[in-house]
Novice: 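Input: one structure, supplied below.
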Amino acid sequence: MIKLKNVGYAYQQRPALADISLRVGEGEFWGVLGPNGSGKSTLLKLLARVLPCQQGEIQLAGRPIGQYRSRQYAQLVSYLPQENALVFDFTVQELVLMGRYPHQSLMGLPSGGDLQRVRQAMASTDVWGLRHRRFSQLSGGERQRVLLAAALAQEPRVLLLDEPTRALDLKHQLQILETVFQQQKARRLTVILLTHDLNLAAWYCSHLAVLKNARLMAAGPVEKVFRVPLLEAVFDVPLKLSPSEDGGGQVVVDLSRYRATHGGKAPGNG
Ligand code: ADP
Ligand code: MG
């Protein structure tokens with residue numbers, strides 16, 4: 001579905017991505033992990049065509065992405081950016097309905113089908129109750145959910161999500177990932193999700209890509225990439241697997257090892 005070949009990007013001579021080659025198959029759910037500043041958002045902006053590809057080539061469904069017309073690209077790809085500081089003076093429902101624009105005839109009114117999809121998308125992100133509120137007056141987490149509803153209402157083939165769970169409480173984090181996961185299963189949606197939550201990524205994603213200092217350190221199926229030594233090297237913290245009762249495991253920071261090398265006296269520990 002998506003193919004990157006030796007992709008590079010620099011901001012004023014400073015490389016943010018270097019020599020990235022990656023293939024993402026249709027219906028795969030990729031998680032992209034990496035420390036702050038490793039190039040994750042830049043990668044997503046290139047895929048969303050927010051930034052031009054400076055080096056190498058990106059293809060979508062066999063065609064260089066620059067060859068698609070905007071409306072056509074918007075029918076295929078929807079993008080939830082990391083920053084949503086834009087102040088829209090629209091109601092929540094108006095905004096989610098905008099997700100349908102790429103599918104509507106020019107100057108056409110929304111059809112019953114459009115409204116149905118908008119309603120479903122809003123229900124799945126739990127914003128139906130907010131539909132008459134102004135977007136500008138919502139909290140960060142509520143905005144995040146509204147923008148995701150708009151992205152889902154767009155019914156893309158590829159969904160690009162830049163830390164969609166960042167401002168959310170635990171319940172809504174899970175609800176969002178669960179919604180994306182269901183869509184991915186039901187519609188063979190291809191998803192690329194940037195996140196800092198290693199365990200949620202390992203749970204929901206089929207594949208992981210790991211970036212560090214603008215470079216791709218590892219990419220492949222979760223079971224190949226989700227390894228303590230690799231993650232330790234990438235994030236530069238000691239980690240350990242914490243087994244859970246159901247036989248699964250979660251990666252957690254090994255605080256005693258961390259404090260043994262970085263810490264002073266532990267608070268509350270004598
Ligand atoms: P991540 O999403 O992994 O935190 P980014 O892709 O946002 O990383 O940033 C990668 C690098 O590019 C960082 O060093 C960041 O400071 C730099 N960068 C990002 N956006 C800009 C910009 N608009 N102008 C200049 N440098 C930028
Ligand atoms: Mg980012």
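Counting convention: from 1, in listed order, for ligands and their atoms alike.
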Novice: What is the distance from atom OH of Y79 to atom OH of Y73, rounded to the nearest 0.5 Å?
Specialist: 12.0 Å
Novice: Should the heavy atoms of other residues, nucleotides or ligands under 6.0 Å from CG of D169 be counted, would the total exceed 12?
Specialist: yes
Novice: Within 2.8 Å of the Mg ion (ligand 2), is there any N, O or S atom belonging to Q82?
Specialist: yes
Novice: Name the option, out of R14, K45, Q82, that contains the heavy atom nearest to atom 14 (O) of ligand 1.
Specialist: R14
Novice: Ignoring hydrogens and geometry beyond distance, is a side-chain donor-acceptor pair present between S256 and D254 at under 3.5 Å?
Specialist: yes
Novice: State whether a side-chain donor-acceptor pair under 3.5 Å links Q154 with Y101.
Specialist: no
Novice: Give every residue pair that meets the salt bridge (Lys or Arg N to Asp or Glu O under 4.0 Å) criterion with at least one member in residues 110-130, sequence neighbours excluded.
Specialist: R100-D114, R117-E155
Novice: Going by the ring pair (Phe, Tyr, Trp, His ring centres under 6.0 Å) test, which pairs reach into residues 111-134, not counting sequence neighbours?
Specialist: none
Novice: Taking everything shown except R257 itself, do over 12 heavy atoms lie less than 6.0 Å from its CZ?
Specialist: yes
Novice: Less than 3.5 Å between some nitrogen or oxygen of N36 and one of ligand 1, yes or no?
Specialist: no
Novice: So, 2.8 Å as the limit: is an N/O/S atom of S41 located closer than that to the Mg ion (ligand 2)?
Specialist: yes
Novice: For atom 10 (C) of ligand 1, which protein heavy atom lies nearest, and how many Å away is it?
Specialist: G37 O, 3.5 Å
Novice: Tell me: protein heavy atom nearest atom 9 (O) of ligand 1, and distance?
Specialist: T42 OG1, 3.8 Å
Novice: Sub-3.5 Å donor-acceptor pair from the side chain of K40 to the main-chain atoms of G34, do we have one?
Specialist: yes
Novice: Under a heavy-atom criterion of less than 4.0 Å, does P35 contact ligand 1?
Specialist: yes
Novice: Atom 23 (N) of ligand 1: which protein heavy atom is closest, and how many Å away?
Specialist: Y11 CE2, 3.7 Å
Novice: Need the ligand 1 atom indices (1-based, order shown) with element for anything under 4.0 Å from a heavy-atom of S41.
Specialist: 1 (P), 2 (O), 6 (O), 7 (O)
Novice: At a 4.0 Å cut-off, with the gap strictly under it, does some heavy atom of G34 reach an atom of ligand 1?
Specialist: no
Novice: Backbone or side chain, does any N or O of Q12 fall under 3.5 Å from an N or O of ligand 1?
Specialist: no
